[in-house]
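As structure tokens, the structure follows; a few thoughts come after it.
Just the heavy atoms: all of them, side chains too, but no hydrogens, waters or symmetry mates, feed the values below.
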There are 2 protein chains.
Amino acid sequence: MNEELIKRATLHDVASLSGVSYQTVSRVINQHPHVAPRTRQKVLQAISQLDYRPNQAAKVLATGRSDMLQLIMYDMRYGDPLPPMLGAARERGYTLLISEINPLAAKEEIHKALQDVANRMIDGLIVFTPYQFIPYEEMREVCRDIPFVFVDTDPGFKAPSVIFDQRHGVALAVEHLIGLGHRQIAEVHGPPLHSDARIRHESFLTALAAHGLEPGPIERGEFVISSGYNATQHLLASDKPFSAIFVGNDRMALGALRALREHGLRVPEDVSIVGYDDMAEAAYFMPPLTTVRQNLSTLAQQSIAYLVSMIQDRTMPIQQRVLYPELIVRASTGPLTA
Amino acid sequence: MNEELIKRATLHDVASLSGVSYQTVSRVINQHPHVAPRTRQKVLQAISQLDYRPNQAAKVLATGRSDMLQLIMYDMRYGDPLPPMLGAARERGYTLLISEINPLAAKEEIHKALQDVANRMIDGLIVFTPYQFIPYEEMREVCRDIPFVFVDTDPGFKAPSVIFDQRHGVALAVEHLIGLGHRQIAEVHGPPLHSDARIRHESFLTALAAHGLEPGPIERGEFVISSGYNATQHLLASDKPFSAIFVGNDRMALGALRALREHGLRVPEDVSIVGYDDMAEAAYFMPPLTTVRQNLSTLAQQSIAYLVSMIQDRTMPIQQRVLYPELIVRASTGPLTA
DNA sequence: ATTTTTATTGTGAGCAGTCACAACCTCATA
DNA sequence: TATGAGGTTGTGACTGCTCACAATAAAAAT
């Protein structure tokens, strides 16, 4: 009764049990046409009898394809894009594997990590890191012939990429504030190494300049809640007045709300606040946050679609697909009160 | 100059270039001892000259090991446990792959998804789904000889598992409220199919009973913000009075805070609130949320450690490792005011 | 100097599939 | 009845690596 050592059934086991060749079994498994219904039946019967499961590693080795895509993220706690990415991949018949990489790590370490990924016989790679952490040519070299798409990287980056036009998003936010009468607009931006943070910051200055306005006080945060809190305290301590704050992401905006409240300032009566990202909680902040939403479903769809088309057609030209964000107006912004 | 079709170098290419056998090359790659330094040098030289990269699929096929673990989550948006899990796996020399499964899907679909995972030549599986979605024996059958650990499942579930003693966590929360003088405690619990939600709910009733108290009004939510908001409105509409609410998770607590505020009730002066999970934002709620924290690092460490020990020793007995949560007291709870 | 030990290398046979090709069988058509 | 067309099956040669074993060389012990 010692069934410990029963080996997994292979294609050949199934073949000999059902009295056909291994090739025929392979055909049945891969849904090839040109298999007689009766034969197929026999094979399927043998498969279930032996509880046969095809060995993926062997398949990958033989075909050179794995039907797996890998998504590389820079921070797993920011999980919002994951469900749409998984969905988009699945829709196209791919399994999406997810892993993390630290874009601020030493160059060698990054290379090692990327090579590791590239060797795992993956059909394509999505690099979701708003850090310009590796040049295109270097990436090509590391990845060999594995196609990859950058997501959320710099505009104008000459590499396969899908991005949001954050300049546009920031302009929407700033114009909204200006439309409400605000002229002295402060800013809390994120870490400059973070592409999104840098672009949003630059766009903020550009947008103000386009309207002939000088920026109000500016502080730097790190995209985490506490840094938004601290930065806002610094804003309040500065002698430059302001009636609104543009905050680089929603998380920091949450910190900003607390700082203002502790200072006895009401939002939006005393200070208006605009965030960025429209995270799930933003609608439930006190008050609900006006913010810029980027449609992550679209982003995921486009990224996967682009990647898959590169897999299928190696001559696919490099392009940058640009998507547009939208402004979500809630209660954290209001007209300037004299 | 057509370098399109350069094939990837193989072990044999390296071998012939460096004038040794393929086996020796293999030894160099796998850091085996018993390779003469000079030989190793020659081989390494050839490897870098050919830019050789070992083919993982072939390795997996030949060894039957992949040095990969897979983590199955039920909801990717809940990304908090991911970083510690990735770290814990990496520390032990494993790459962690992450994927999602819908525990409420049809049984067949779940089986298919699990088989898919199991066939991918993975060394071990962590199932992080607080849903009793598959019996132990069935899971064994699907996974064959691949070890797996359930995380965050029911206490007393006879399967390899790592859980938090939520009964204890809830008791801490309830006793905290009772200690503040509260006697009429309402509850917003999560969906009963969700193990955590159910256990927290049951523990809430038990904890009250242990102190001879009747529960206040009880509403059901779905663990998302809006449901906490709605449920709390229902609580307020009921005729049962209460001075505190125990909310099944922090997200719903956020909704509850808004509902109370809109109702003109102050927290904690009029109503105290305790949440569960201690999500990153909880400290920045208005007011900062008193909640129950579960140390996810410890959870990750223990899960991976247990899984790895099962991989290394197939006779490892089934056990359930129980960890303890702690109460984090913030400003959302205060003494009962007559 | 001879034996034993130990370090270093090479050989055959897998691992579990796929692909390209060839061979066979029908069946309808000329 | 012969002839192709096409559906159906089988064969050989791969995919790139590791394992167990054997063979050799060098060093240590007798």
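Atom NE2 in His12(A) sits about 11 Å away from atom C1' in dT18(C), given to the nearest Å. Between the NZ atom of Lys59(B) and the C1' atom of dG17(C) there is a distance of 20 Å, given to the nearest Å. Taking atom NE2 of residue His32(B) and atom P of nucleotide dA7(C), one finds them 15 Å apart after rounding to whole Å. Atom CD1 in Ile47(A) sits about 13 Å away from atom C1' in dG17(C), given to the nearest Å. The CZ atom of Arg120(A) sits 14 Å away from the P atom of dC17(D) (whole-angstrom rounding). In this structure, CD of Gln23(B) is placed 8 Å from P of dC19(D), rounded to the nearest angstrom. When rounded to the nearest whole Å, the span between CG of Leu61(A) and P of dA13(D) equals 18 Å. Between Ile29(B) atom CD1 and dG16(D) atom P the separation is 13 Å, expressed in whole Å.
Using a 3.5 Å distance cut-off with no hydrogens or angles, the side chains of Thr95(A) and Arg120(B) do pair a donor with an acceptor.
Centroid-to-centroid, the aromatic rings of Tyr136(B) and Phe148(B) come within less than 6.0 Å. Ring-centre distance between Tyr74(A) and Tyr131(A): below the 6.0 Å cut-off.
Judged by closest nucleotide on DNA chain C, Arg40(B) is the one of Ala9(A) and Arg40(B) placed further toward the 5' end. When each of Asn55(B) and Arg27(B) is assigned the nucleotide of DNA chain D bearing its nearest heavy atom, the one mapping closer to the 5' terminus is Asn55(B). For the pair Thr10(A) and Val35(B), nearest-nucleotide mapping onto DNA chain C gives the more 5' position to Val35(B).
Among the nucleotides dG10(D), dT18(D), dA13(D), the one closest to the side chain of Ser26(B) is dT18(D). Minimum atom distance to the side chain of Asn30(A) is reached by dT18(C), of the listed dT18(C), dA16(C), dT11(D). Proximity note for Ala58(A) (side chain, C-beta onward) versus dA20(D), dC19(C), dG17(C): the nearest is dG17(C). Ranking dT11(D), dA7(C), dT11(C) by closeness to the His34(B) side chain, first place goes to dA7(C). Across dT8(C), dT18(C), dT11(C), the shortest atom-to-atom separation from the side chain of Leu11(A) is found for dT18(C). Across dT11(C), dT15(D), dA13(D), the shortest atom-to-atom separation from the side chain of Tyr22(B) is found for dT11(C). The side chain of Ala62(A) sits closest to dT15(D) out of dT8(D), dT15(D), dG10(D). Residue Thr63(B) places its side chain closer to dC19(D) than to any other of dG10(D), dC19(D), dG16(D).
Within 4.0 Å of Arg65(A), counting heavy atoms only, lie sugar-phosphate atoms of the nucleic acid but no base atom. Among the atoms of the strands shown, none is found under 4.0 Å from any heavy atom of Val60(A). In this structure, Pro54(A) reaches the sugar-phosphate backbone alone: every heavy-atom distance under 4.0 Å involves primed, P, OP1 or OP2 atoms, never a base. Residue Arg38(B) is classed as having no contact, given no heavy-atom separation below 4.0 Å to the nucleic acid.
Put simply, the side chain of Tyr52(A) and the base of dG17(C) share no donor and acceptor less than 3.5 Å apart.
For Thr24(A) and dG10(D), the shortest distance from a side-chain N or O to OP1 or OP2 is below 4.0 Å.
A side-chain contact (heavy atoms from CB on, under 4.5 Å) with Phe128(A) holds for exactly one of Thr153(A), Ile72(A), Leu299(A), Ile98(A); it is Leu299(A). Under the side-chain contact (heavy atoms from CB on, under 4.5 Å) test applied with Ser303(B), the options Ile163(B), Val308(B), Ile126(B) reduce to a single match, Ile126(B).
A salt bridge does not link Arg8(A) to Asp13(A): none of the charged nitrogens lies less than 4.0 Å from a carboxylate oxygen.
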